[in-house]
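Here's the structure we're looking at; comments come further down.
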Amino acid sequence: MDGIRYYDIRHVCGQSTHIEIDNGVIESAGTSFFDHAVIRALSTKGWGILTVDNFGGTPEKERERLIRDAARIAAITAQEVSLADATRGIRGIPPMHEDPREVSIGEKAEIMLSIEQAARIEGIVNTRANYTERFEEVTFQDSSGASEQYGMCRSGFGIMAVASRAGSLQMGYERRHSIRGLNIRHQQECGRSAAERAVALLSARPARGGTMNAVLDPELAGVFAHEAVGHASEGDLIQEGNSVLRGKSGERIGSPIVTIVDDPSLPEFGFEPCDAEGCRVERTEIIRKGVVAGFLHSRETLAAVGNGHAGNARAMPGEPPLVRMSNTFIEAGESSTDELIAECRTGILLKGSRGGQVDPGRGVFQFNAEYGYLIDHGECTSMVRDVSLSGEILQTLHSIRLCSKERLMHQGYCGKGGQSVPVSDGAPHVLLADAVVGGHVSD
């Protein structure tokens, strides 16, 4: 088409199911259907983007008109855009052990009620559980003739329990998400685990803050990999100058035992058969043995920044693609967890995550652990709560002394630019020297 350098259409339709339970009462349950398309056209200058609802069945002539409409929008933009070459190809989707769509919403609700019921032990005053399920049928085509189509289902649940004693409230939380099909059967232990942790935290004393050795469990270390390193490696932040990693390709920024990877081809919750630009997804080593090795890219940011490959453009249905992480993790090391705790000698074991903040441009972070255990003479002792980890990203990478042999992944969702996409992050246990641990100020 005249004046159009490139165009693509990403059409996503499907269905979404949710169940919400509060203290044994099903507050809401239902299934909704969606049908969205995003049409992008690249003129001699920048992008024109249209979002179209109920796109399925749109005649070819109408599609051509929509592409021309996107091109007219593109013609008034002033941004100069180049696109790197795309490597095409689609990954095989792991088979589901049980298709959630074949199980009635009533049966799902009964299973979720049993998980929630398992959390109602002595000391628990409030419970809340939720189930989500989403099936998407994705079709991609572009002006080069590329065409990809696939269907994929994701499902998951969360259970929260709140314990109370003498005016003190503590919370325990468990979640599980999967691309392998229905994942709520025989999960009652998740409810009980959340409740027992909430009750145990009532007896835990607040941690004392200070600089000390710290062992991070796979969940908290995975959050560090995702939030502090993964976001800083996204090509759009590099391009904008909002990343501490800008200009550091090939530089040593961490301990030689540290390798941090993002891999959308891994069959975890952040798996994608291809990215939102129809590009083949590949493993990216962001940091290889302490050295900056690659960034995460769309075709546009790869052309602008380099050092990597396209394949990390992701999008919600009806939204334009952004550079996003998928499955981000620290590679396992060669030590046992017991060896890390023994080597820590005196310090703290930090477990779980309750959110936090990161500024990838300034290179600083602060994460809240769910709880911890004091380490004294190389052994875990008493449980503590109200504890956090903070510091500078690059200094922390240099402070990693050991990584354990066992890497574990945790599932969730990542927000950016108003969009939320499924991700996994993980790590082995990690030993940090001289970590800044937040809590009560030491005497």
Side-chain angles (χ1 to χ4, degrees), residues 21-24 112-130 157-176 186-210 212-224 337-338 340-342 344 346-356 367-389 404 406 408 410-412 426-432 435 437-440 442:
I21 299 172
D22 186 20
N23 288 319
M112 285 304 303
L113 280 168
S114 72
I115 297 172
E116 187 265 351
Q117 174 68 41
R120 284 191 263 154
I121 64 174
E122 184 177 356
I124 297 298
V125 296
N126 181 271
T127 56
R128 189 166 186 89
N130 68 82
F157 72 94
I159 173 71
M160 181 191 72
V162 178
S164 176
R165 182 195 302 154
S168 174
L169 295 175
Q170 293 295 328
M171 183 187 75
Y173 185 74
E174 292 282 347
R175 68 180 184 272
R176 301 286 187 275
H186 315 297
Q187 296 284 357
Q188 287 75 16
E189 76 279 2
C190 289
R192 188 166 188 86
S193 175
E196 289 176 344
R197 187 157 60 253
V199 172
L201 283 168
L202 291 172
S203 301
R205 69 176 187 265
R208 290 184 179 273
M212 64 190 75
N213 294 336
V215 176
L216 313 187
D217 82 334
E219 184 173 358
L220 188 59
V223 168
F224 171 78
T337 302
D338 288 343
L340 265 68
I341 293 172
C344 181
T346 300
I348 193 168
L349 168 62
L350 300 177
K351 295 180 71 67
S353 170
R354 286 188 174 171
F367 303 134
N368 300 313
E370 189 174 7
Y371 61 104
Y373 290 96
L374 298 180
I375 298 174
D376 187 23
H377 293 91
E379 294 185 358
C380 286
T381 58
S382 55
M383 187 182 199
V384 293
R385 56 179 171 84
D386 304 332
V387 61
S388 66
L389 174 73
S404 73
E406 306 84 13
L408 297 177
H410 294 81
Q411 309 84 35
H429 282 81
V430 171
L431 172 62
L432 294 182
V437 175
H440 287 281
S442 300

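Values reported hereafter were calculated over all heavy atoms of this structure, with side chains retained and with hydrogens, waters and symmetry mates removed.
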Go through the structure and list residues passing side chain to side chain donor-acceptor pair (under 3.5 Å) with Glu370, not counting sequence neighbours.
Arg197
Pairing residues for Ser404 by the side chain to side chain contact (heavy atoms under 4.5 Å, CB included) criterion, not counting sequence neighbours
Thr337, Leu340, Glu406, Pro428, His429
Residues which pass ring pair (Phe, Tyr, Trp, His ring centres under 6.0 Å) with Tyr173, listed by chain and number, not counting sequence neighbours
none
Which residues pass the side chain to side chain donor-acceptor pair (under 3.5 Å) test with Thr381, not counting sequence neighbours?
none
For Arg165 and Ser203, which I'm curious about, is there any donor-acceptor pair between the side chains at under 3.5 Å?
yes
Just jot down the salt bridge (charged side-chain N to carboxylate O under 4.0 Å, His left out) partners of Glu196, sequence neighbours excluded, or say none.
Arg192
Kindly write out the residues that satisfy ring pair (Phe, Tyr, Trp, His ring centres under 6.0 Å) with Phe157, not counting sequence neighbours, or none if the list is empty.
none
Which residues share a salt bridge (charged side-chain N to carboxylate O under 4.0 Å, His left out) with Arg120, sequence neighbours left out:
Glu116
For Arg385, which residues count as a salt bridge (charged side-chain N to carboxylate O under 4.0 Å, His left out) partner, sequence neighbours excluded?
none
Residues forming a side chain to side chain contact (heavy atoms under 4.5 Å, CB included) with Arg205, sequence neighbours excluded
Leu374, Ser382, Val384
In chain order, what residues pass the side chain to side chain donor-acceptor pair (under 3.5 Å) check against Asn130, with sequence neighbours excluded?
none
Asp338: salt bridge (charged side-chain N to carboxylate O under 4.0 Å, His left out) partners, not counting sequence neighbours:
none
Suppose we screen for side chain to side chain donor-acceptor pair (under 3.5 Å). Which residues come up paired with Ser114, at least two apart in sequence or across chains?
Gln188
